[in-house]
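Down below is the structure, laid out as structure tokens.
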Number of protein chains: 2
Amino acid sequence: MPRTDALDLVLELVVLLGEDMAQSLAGDGLTVSRARLVWLLHHTGPSTQRALADALKVTPRNVTGLVDGLAQAGYVVRRPHPSDRRATLVTLTEHGAQKLTAMDAAHRELAELLFAGMPDAQYAAFVGGVEHVVARLREALR
Amino acid sequence: MPRTDALDLVLELVVLLGEDMAQSLAGDGLTVSRARLVWLLHHTGPSTQRALADALKVTPRNVTGLVDGLAQAGYVVRRPHPSDRRATLVTLTEHGAQKLTAMDAAHRELAELLFAGMPDAQYAAFVGGVEHVVARLREALR
DNA sequence: TATTGTTATACTCTATAACTATA
DNA sequence: TATAGTTATAGAGTATAACAATA
């Protein structure tokens with residue numbers, strides 16, 4: 001007896017969450033792809049484009065484009081790598097860093113919005129359920 | 001105390017589910033956008049491009065491109081509308097209909113994969129939790 | 001006058017391949 | 001010879017605007 005209703009509900013959640021994030025990011029002049037890159041920079045510090053490409057699982061060429069857009073929007077700058085003249089270090093600007101700090105806060109507010117008011121027992125069961133599903137998906141994708 | 005861990009877990013689920021679907025669809029020569037269109041056709045029958053644009057919440061121009069690609073891939077054909085000569089009715093081909101029936105089965109199998117083995121109590125709590133989160137998101141997006 | 005779908009144009013994300021500069 | 005990042009090229013998804021055919 002497949003539990004397709006739960007899957008459909010999860011798919012709806014995916015759609016709504018995607019809309020919410022895209023809408024919020026658009027307000028900051030960001031796209032999902034660009035946000036992923038600056039989010040990474042924010043949490044790991046200045047990185048070479050090569051490292052970003054590996055972490056984001058996209059091609060180096062793609063990173064060039066994303067960094068171009070982010071630089072034009074004032075989020076990041078390219079700095080020379082101190083010891084390897086082939087490489088560049090992508091670094092958050094002051095403005096970018098401030099925006100990312102604000103995004104951290106927005107992230108916490110979203111968590112608050114979604115889960116505040118949920119009874120502890122249900123919250124625990126929900127987390128357990130998501131972990132279960134994530135584990136199954138990881139196996140399936142391996 | 002924001003429950004950011006649950007949000008991060010849900011975001012991971014979104015990523016993994018997206019990868020799983022994209023991988024599966026690529027095997028059928030489909031993209032996510034094209035799959036959404038044929039999925040709609042499969043469940044509502046032949047439709048005008050205008051109706052598809054409204055249902056998918058994209059522009060008519062976008063639908064033109066998606067239908068072009070799906071027609072070339074043999075999933076759909078454009079037929080004249082019987083009473084309105086401005087409009088076309090996008091219809092699944094025999095091949096497309098068979099593929100969609102197979103996708104229905106794959107959908108049930110995915111539900112089976114994700115939720116089989118989950119205790120009834122946890123399943124119920126999980127569904128309740130997702131419903132809670134979906135409701136909150138609906139409010140936020142309104 | 002309004003609607004359906006198209007052509008024209010443009011931007012973003014994505015990829016592969018060839019090339020430059022450096023290691 | 002290998003690596004970092006670029007230019008060149010291409011396809012998909014998305015949008016707006018102008019237009020043709022029809023209602």
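Heavy-atom basis, side chains included; hydrogens, waters and symmetry copies ignored. Here is how names work: the chains are called A, B, and so on, in the same order as the sequence lines, proteins then strands, and each is numbered from 1. All figures in this text were calculated on a predicted structure; none of them were measured in a lab.
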Could you check how far [atom1] of [X] sits from [atom2] of [N], rounded to whole Å?
| X | N | atom1 | atom2 | value |
| --- | --- | --- | --- | --- |
| A/L66 | C/dC11 | CG | P | 17 Å |
| A/L37 | D/dG5 | CG | P | 12 Å |
| B/L56 | D/dA12 | CG | P | 18 Å |
| B/Q49 | C/dT7 | CD | C1' | 14 Å |
| B/Y75 | D/dA12 | OH | P | 14 Å |
| B/L89 | C/dT4 | CG | C1' | 12 Å |
| A/R34 | D/dT14 | CZ | P | 17 Å |
| A/D68 | C/dC13 | CG | P | 11 Å |

Query - Over 12 non-hydrogen atoms of neighbours within 6.0 angstrom of CZ in A/R78 - result: yes
What nucleotide among [options] has an atom nearest to a side-chain atom of [X]?
| X | options | result |
| --- | --- | --- |
| A/R78 | C/dA23, D/dT6, C/dT14 | D/dT6 |
| B/V58 | D/dT14, C/dT14, D/dA23 | D/dT14 |
| A/A87 | D/dG5, C/dT6, C/dT22 | D/dG5 |
| A/R50 | D/dA4, C/dA23, D/dT6 | D/dA4 |
| B/D84 | D/dT22, C/dA15, C/dA21 | D/dT22 |
| B/T59 | D/dA15, C/dT14, D/dT6 | D/dA15 |

Query raised in the report: Is A/W39 linked to A/M21 within one hydrophobic cluster, defined over Ile, Leu, Val, Met, Phe, Trp and Tyr using a side-chain heavy-atom separation of less than 4.5 Å?
Result: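 No; A/M21 is not reachable from A/W39 via cluster members.
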Query raised in the report: For the hydrophobic clusters of this structure (ILVMFWY residues joined by side-chain heavy atoms under 4.5 Å, transitively), does one cluster hold both A/V14 and A/V133?
Result: yes
Query raised in the report: Taking atom types as they are modelled, is there a donor-acceptor pair under 3.5 Å from the base of C/dT3 to the side chain of B/R86?
Result: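 Side chain to base: pair found, below 3.5 Å.
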Query raised in the report: Under 4.0 angstrom, heavy atoms only, what part of the nucleic acid is B/T31 near: base, sugar-phosphate, or nothing?
Result: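 Sugar-phosphate, backbone atoms only, no base.
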Requested in this report: Assign A/V63 to base, sugar-phosphate, or nothing according to its heavy-atom contacts below 4.0 angstrom with the strands shown.
Outcome: nothing
Ignoring backbone atoms, test whether [X] places a side-chain nitrogen or oxygen under 4.0 Å from the OP1 or OP2 oxygen of [N].
| X | N | result |
| --- | --- | --- |
| A/N62 | C/dA15 | yes |
| A/T88 | D/dG5 | yes |
| B/R61 | C/dT9 | no |

**Report entry** Residues B/R50 and B/D54 bridged, charged N to O under 4.0 Å
**Finding:**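 Answer for the salt bridge query: yes.
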Query raised in the report: Quick one: does A/L30's side chain get under 4.5 Å of A/K99's, heavy atoms only?
Result: no
Query raised in the report: Would you find a donor on one side and an acceptor on the other, under 3.5 Å apart, between the side chain of B/S47 and the backbone of B/G45?
Result: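 Looks like yes, one N/O pair under 3.5 Å.
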Query raised in the report: Hey, which of these two, A/S33 or B/S47, hits DNA chain C nearer its 5' end, going by closest nucleotide?
Result: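 Closest to the 5' end, via its nearest nucleotide, is B/S47.
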